Structure formats: C-alpha cells, structure tokens
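The shown structure was predicted, so the numbers you read here are calculated from the model rather than taken from an experiment. The first residue of the sequence shown is numbered 1, and numbering continues consecutively from there.
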Amino acid sequence: MKKFTKALTVVLAILFAMTFSVTALADDAASTTAESSFPWAKVITLAVIVILVVGAIILANTNTNLGQKIKKFFKEYASEIKKVSWYSPKDTAKATGIVLVFLVVAAVVIGVLDFGFTNLVKLIADIF
C-alpha cells in the first residue's frame with residue numbers, strides 16, 4: 001500500500017501541474033471574452049480531476065476487474081519510476097545552459113534570415 005501511495009502522489013502532482021497549465025490557457029481565453037473575478041475554469045478542472053482520482057482510489061480498493069487493473073497499473077508505475085536514472089543537478093544545469101545557448105543562436109539566425117528575406121522582397125517589389 002505504501003508503494004501505491006507514492007505512485008498516487010506522483011500522479012496527483014503531475015495532474016495538479018497539468019491542471020493549472022491548462023486552466024491558465026482557459027482563463028486567458030475567458031478573460032478576452034468577458035471579465036470574470038472568479039477563476040471558474042480552474043475550479044471546474046480541479047474538481048473533475050479530484051473526482052477522477054477519488055474514483056480511481058475507490059476502484060483500486062475493490063475486488064472488481066477494473067479495480068485490480070488500476071491497482072496493478074499503479075504498482076507497475078511505481079516500479080518503473082524506481083528504474084529511472086535522474087541526472088545530477090550539475091549535469092542538468094549544463095544541459096540547460098547548452099539548450100539556452102542554442103536557443104539564442106537559433107533566434108539570431110532566424111532574425112537575420114527574416115531581415116534578409118524582408119529586404120529581398122522589398123527590393124523585388126520596388127523593381128516591379
């Protein structure tokens with residue numbers, strides 16, 4: 001049961017993060033159409049996720065076929081998470097730095113190409 005709780009905690013954390021990233025988009029869309037002082041999109045999304053998780057917990061503790069499948073899923077999930085090898089903080093910082101450098105380089109290259117093609121199109125338009 002301890003492994004099941006750990007796996008459920010990880011799943012809840014992921015769902016929680018996904019909830020607020022998705023509802024942020026929904027709030028942005030809603031705020032452009034009508035001003036609302038209460039974040040209904042977040043509340044509804046969070047309520048749906050809580051209902052689904054509570055339902056999964058209840059089903060996992062029953063002896064039904066679906067409940068056994070859910071329990072098996074979480075047990076396998078927990079065992080797979082233990083097999084994951086995580087990078088050290090130093091390696092993570094190094095990889096992040098490399099990604100940021102390439103992002104800046106790509107942005108500069110795209111900016112130069114955009115500037116060049118814009119001027120090329122203007123030149124061709126001036127000719128005709």
Side-chain angles (χ1 to χ4, degrees):
M1 190 67 170
K2 193 173 186 180
K3 292 179 184 177
F4 176 76
T5 306
K6 287 181 182 178
L8 187 61
T9 304
V10 170
V11 170
L12 286 175
I14 292 169
L15 287 173
F16 188 73
M18 287 172 36
T19 299
F20 286 102
S21 62
V22 169
T23 54
L25 295 173
D27 282 346
D28 288 345
S31 67
T32 58
T33 57
E35 290 298 320
S36 175
S37 61
F38 192 77
W40 285 108
K42 288 182 183 177
V43 172
I44 292 169
T45 306
L46 188 60
V48 168
I49 288 175
V50 167
I51 290 168
L52 289 174
V53 169
V54 169
I57 292 170
I58 291 170
L59 278 174
N61 290 321
T62 62
N63 288 328
T64 63
N65 189 26
L66 180 61
Q68 296 305 314
K69 286 182 180 179
I70 291 172
K71 188 179 280 189
K72 181 182 176 188
F73 168 77
F74 282 117
K75 284 182 180 180
E76 290 175 358
Y77 179 79
S79 70
E80 289 296 322
I81 286 294
K82 289 179 183 176
K83 296 176 188 175
V84 174
S85 61
W86 301 97
Y87 288 114
S88 68
K90 184 178 178 182
D91 290 340
T92 303
K94 184 179 177 182
T96 302
I98 291 170
V99 168
L100 291 175
V101 167
F102 277 104
L103 263 167
V104 170
V105 169
V108 169
V109 168
I110 290 172
V112 168
L113 287 173
D114 180 50
F115 179 76
F117 285 127
T118 301
N119 287 331
L120 181 65
V121 168
K122 286 180 182 177
L123 181 66
I124 292 172
D126 288 342
I127 293 173
F128 295 108

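In terms of hydrophobic clustering, with Ile, Leu, Val, Met, Phe, Trp and Tyr side chains grouped at heavy-atom distances under 4.5 Å, Leu100 and Val109 are assigned to different clusters. Residues Leu113 and Ile124 share a single hydrophobic cluster, defined by chaining ILVMFWY side chains whose heavy atoms lie under 4.5 Å apart.
Within the model, atoms CH2 of Trp86 and CD1 of Ile81 stand 6.0 Å from one another, a figure rounded to the nearest 0.5 Å. Taken from CG in Leu52 to CD1 in Ile57, the straight-line distance is 11.0 Å, to the nearest 0.5 Å. Taken to the nearest 0.5 Å, the CG atom of Leu66 stands 12.5 Å off from the CG atom of Asn63. Summarising the geometry, atom CD1 belonging to Ile44 is positioned 12.5 Å from atom CD1 belonging to Ile49; distances are rounded to the nearest 0.5 Å. Taken from CD in Glu80 to CZ in Phe73, the straight-line distance is 10.5 Å, to the nearest 0.5 Å. Rounding to the nearest 0.5 angstrom, the gap separating the OG1 atom in Thr64 from the NZ atom in Lys69 is 10.0 Å.
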* side chain to side chain contact (heavy atoms under 4.5 Å, CB included) between Thr92 and Thr96, intermediate numbers included -> CA-CA 6 Å; Thr92 303; Thr96 302; 4.2 Å; yes
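In this structure, Asp91 and Ser88 have side chains that are in contact, with non-hydrogen atoms separated by less than 4.5 Å. Taking 4.5 Å as the limit, every side-chain heavy atom of Gln68 sits out of range of all side-chain heavy atoms of Lys72.
Summarising the geometry of Thr118 relative to Asp114, their closest heavy-atom pair is OG1-O, 2.7 Å, with the distance given to 0.1 Å.
Within the 3.5 Å criterion, the main-chain N or O of Lys42 finds no donor-acceptor partner in the side chain of Thr45.
Among Val99, Val104, Ile98, the one residue that satisfies the side-chain contact (heavy atoms from CB on, under 4.5 Å) test with Phe102 is Ile98.
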